[in-house]
Amino acid sequence: LSLIPSEKVRVKPSQPMSFYLLPILRAKALLPDLEEVVNNEEWGTLNLALNSILGTPNNLKDNLRNTAGCLEDDRTYDKAMALEKEIMEYIKQVNFKEYFDNLTTPTGRQALEFQQFSLQSLQAANKKLDQFIALMPSDQVARAKSQLSNV
């Protein structure tokens, strides 16, 4: 087992898929609000929101991986894991400071460029999340959505 690369070892998660899908759907629901935050250049608020998506309570990376781990089909699992990497990269890029080496608050043209970059990253993350969710069994997605509306 130690000779197998760790990304090829699949451990079946302990909870049903809908359990892991719920925080993914919750995180996805936050993305449209982030567009307004970016448009208003509220960078502090943006960082707080991204922290809640990437960390507690949504733990996006872990939940994407656990959701993919619930898949039975290896090809679908591989697609989901490739999307997980893209989603995480786009989400991190929403905070321009993670991508650009900038120690000061941008102004003028630079602020506009960073704003556009953040918005494009948000849109790309949203699209990739849609693709990820589309790979999942519809009954599990429906169950997670019903739990989301009950929260």
Side-chain angles (χ1 to χ4, degrees), residues 1-40 42-102 113-151:
L1 195 62
S2 64
L3 299 176
I4 301 172
S6 61
E7 66 265 5
K8 292 294 181 190
V9 176
R10 285 181 61 182
V11 177
K12 185 96 168 150
S14 60
Q15 298 292 330
M17 184 184 285
S18 61
F19 177 85
Y20 303 110
L21 272 170
L22 177 60
I24 294 170
L25 295 174
R26 213 174 29 228
K28 185 178 177 346
L30 294 172
L31 297 183
D33 294 338
L34 293 186
E35 285 190 34
E36 184 176 338
V37 170
V38 170
N39 282 327
N40 293 333
E42 297 170 7
W43 306 119
T45 302
L46 178 66
N47 286 333
L48 290 173
L50 289 174
N51 287 340
S52 78
I53 290 171
L54 297 172
T56 304
N58 296 305
N59 301 306
L60 187 61
K61 184 176 186 172
D62 290 343
N63 284 306
L64 288 168
R65 288 182 173 192
N66 284 326
T67 300
C70 291
L71 292 166
E72 300 293 332
D73 178 64
D74 286 340
R75 292 177 78 188
T76 308
Y77 169 81
D78 290 342
K79 288 179 189 175
M81 290 305 294
L83 283 167
E84 177 268 331
K85 286 178 178 45
E86 291 180 73
I87 291 164
M88 292 307 299
E89 187 62 31
Y90 284 127
I91 291 288
K92 289 176 185 173
Q93 288 177 7
V94 172
N95 178 358
F96 68 87
K97 290 181 181 184
E98 292 291 318
Y99 195 77
F100 294 102
D101 188 23
N102 188 304
E113 288 174 10
F114 289 170
Q115 187 180 44
Q116 280 305 111
F117 183 83
S118 293
L119 288 172
Q120 288 170 351
S121 296
L122 265 174
Q123 292 162 355
N126 203 22
K127 182 179 175 185
K128 294 296 177 180
L129 277 166
D130 285 340
Q131 292 172 7
F132 182 91
I133 293 165
L135 293 174
M136 304 306 140
S138 58
D139 65 316
Q140 292 295 313
V141 174
R143 186 172 297 138
K145 284 182 177 178
S146 73
Q147 291 171 348
L148 183 65
S149 62
N150 291 336
V151 174

### Query
What distance separates Asp33 CG from Thr45 OG1, expressed to the nearest 0.5 Å?
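Atom-to-atom, Asp33:CG and Thr45:OG1 are 11.5 Å apart.
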### Query
Hey, what do you get for CG (Leu22) to CZ (Phe19), rounding to the nearest 0.5 Å?
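One finds 8.5 Å between CG of Leu22 and CZ of Phe19.
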To check you understand the geometry: which heavy-atom pair defines the closest contact between [X] and [Y], and what is its length?
X: Pro23; Y: Asn63; result: CG-ND2, 3.4 Å
X: Ile24; Y: Phe132; result: CD1-CE2, 4.0 Å
X: Ala68; Y: Met81; result: CB-SD, 3.7 Å

### Task
Would you check, one step at a time, whether the test side-chain contact (heavy atoms from CB on, under 4.5 Å) holds for Met17 with Asn66?
CA-CA 8 Å; Met17 184 184 285; Asn66 284 326; over 6 Å; no
### Task
Could you walk me through whether Asp130 and Lys28 pass the side-chain contact (heavy atoms from CB on, under 4.5 Å) test, one step at a time?
CA-CA 9 Å; Asp130 285 340; Lys28 185 178 177 346; 2.5 Å; yes
### Task
Start with the C-alpha distance between Val94 and Leu119, add both sets of side-chain angles, then the distance that settles side-chain contact (heavy atoms from CB on, under 4.5 Å), and finish with yes or no.
CA-CA 7 Å; Val94 172; Leu119 288 172; over 6 Å; no
### Message
Run the side-chain contact (heavy atoms from CB on, under 4.5 Å) test on Leu64 and Leu129 for me, step by step, so that the C-alpha distance in whole Å, both residues' side-chain angles and the decisive distance to 0.1 Å come before the verdict.
### Response
CA-CA 9 Å; Leu64 288 168; Leu129 277 166; 4.2 Å; yes
### Message
Between Glu72 and Lys12, does any NZ, NE, NH1 or NH2 come within less than 4.0 Å of an OD or OE carboxylate oxygen?
### Response
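Looking at Lys12 and Glu72, the cut-off is met.
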### Task
Only pairs at least two apart or in different chains count here, so list each salt bridge (Lys or Arg N to Asp or Glu O under 4.0 Å) that has a residue in residues 42-65.
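Salt bridge (Lys or Arg N to Asp or Glu O under 4.0 Å) check on residues 42-65 returns Arg65-Glu84.
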### Task
Output, in order, the C-alpha distance, side-chain angles, deciding distance and verdict of salt bridge (charged side-chain N to carboxylate O under 4.0 Å, His left out) for Lys128 and Glu89.
CA-CA 11 Å; Lys128 294 296 177 180; Glu89 187 62 31; over 6 Å; no
Sequence neighbours left out, cut at 3.5 Å: what donor-acceptor pairs do the side chains of residues 48-55 make with other protein atoms?
unit_1 : atom_1 : unit_2 : atom_2 : d
Asn51  : ND2    : Asn47  : O      : 3.3
Ser52  : OG     : Ala49  : O      : 2.8

### For Arg143, salt bridge (charged side-chain N to carboxylate O under 4.0 Å, His left out) partners two or more places apart
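None.
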